[in-house]
Amino acid sequence: MNSAFINPLARGTPAVVSRTRAIKQWTREVLTLSDDAIVSVNELACHVPGCPPKETVVLVMQGARRMQVSIHKALQDLTEADIALAFATMGRPD
């Protein structure tokens with residue numbers, strides 16, 4: 001078997017899964033979302049100048065409502081305050 005095989009269906013390490021669940025819960029609390037809302041959390045490589053190597057993208061879909069924020073921090077470095085600030089400043093001009 002090739003040791004370089006990557007399982008695209010793998011859920012990640014328990015620590016990452018636990019942290020992702022926490023971020024989803026913080027998002028639900030900050031935005032007071034209903035149970036039918038979908039919250040997706042992904043960590044991506046950041047290509048913006050001055051950005052750390054990783055950023056976290058949080059996407060919320062509820063009915064026709066769709067919101068997305070990119071936070072220039074790695075998943076493991078996020079706090080509930082970061083989530084609240086990102087959604088509070090969403091839509092404001094820079």
Side-chain angles (χ1 to χ4, degrees):
M1 179 173 192
N2 183 355
S3 62
F5 174 76
I6 298 174
N7 181 356
L9 303 176
R11 303 247 341 157
T13 65
V16 171
V17 171
S18 174
R19 190 59 171 191
T20 300
R21 283 187 186 138
I23 293 168
K24 287 180 178 184
Q25 183 60 37
W26 295 338
T27 302
R28 287 182 178 284
E29 290 170 3
V30 164
L31 299 175
T32 58
L33 298 172
S34 65
D35 291 339
D36 67 334
I38 298 169
V39 180
S40 174
V41 178
N42 291 292
E43 186 177 71
L44 306 170
C46 187
H47 301 289
V48 176
C51 180
K54 294 182 180 181
E55 69 178 342
T56 303
V57 177
V58 181
L59 171 66
V60 176
M61 294 178 288
Q62 185 171 20
R65 185 177 169 197
R66 182 177 180 260
M67 298 176 285
Q68 178 176 316
V69 293
S70 295
I71 304 168
H72 292 172
K73 288 187 175 184
L75 190 108
Q76 293 298 329
D77 297 334
L78 280 181
T79 65
E80 188 171 2
D82 294 325
I83 300 295
L85 180 62
F87 281 104
T89 57
M90 188 179 107
R92 288 186 184 173
D94 290 333

For this session: Check for a donor-acceptor pair, side chain of S40 on one end and backbone N or O of L59 on the other, with a separation under 3.5 Å.
Result: no
Exercise. After noting the C-alpha distance and the side-chain angles of M90 and M67, does the key distance pass the side-chain contact (heavy atoms from CB on, under 4.5 Å) rule?
Worked result: CA-CA 9 Å; M90 188 179 107; M67 298 176 285; 3.4 Å; yes
Exercise. Which atom names give the shortest non-hydrogen contact between R19 and D77, and what distance separates them?
Worked result: NH2-C, 4.2 Å
Exercise. So which of D82, I23, N42 actually passes side-chain contact (heavy atoms from CB on, under 4.5 Å) with V58?
Worked result: I23
Problem set entry | Within-4.5 Å side-chain heavy-atom neighbours: K54 and C46 | no
For this session: Please answer: with hydrophobic residues joined when any side-chain heavy atoms are less than 4.5 Å apart, are W26 and V57 in the same cluster?
Result: no
Seminar exercise, completed: With R28 as partner, the option from I83, V60, V39 fulfilling side-chain contact (heavy atoms from CB on, under 4.5 Å) is V39
For this session: Check E43 against Q76 and note the closest heavy-atom contact, atom names and distance.
Result: OE2-N, 4.4 Å
Problem set entry | Approximate separation, where rounding is to 0.5 Å, of M61 CE and R66 CZ | 7.5 Å
Exercise. Is E80 close to E29 at the side-chain level, that is, under 4.5 Å between some pair of heavy atoms?
Worked result: yes
For this session: Please name the pair of heavy atoms, one in V69 and one in A86, separated by the smallest distance, quoted to 0.1 Å.
Result: CG1-O, 3.7 Å
Exercise. Does the side chain of Q62 reach to within under 4.5 Å of the side chain of I38, using non-hydrogen atoms?
Worked result: no
Exercise. Once you round to the nearest 0.5 Å, how far does CG of L33 lie from OG1 of T27?
Worked result: 7.5 Å
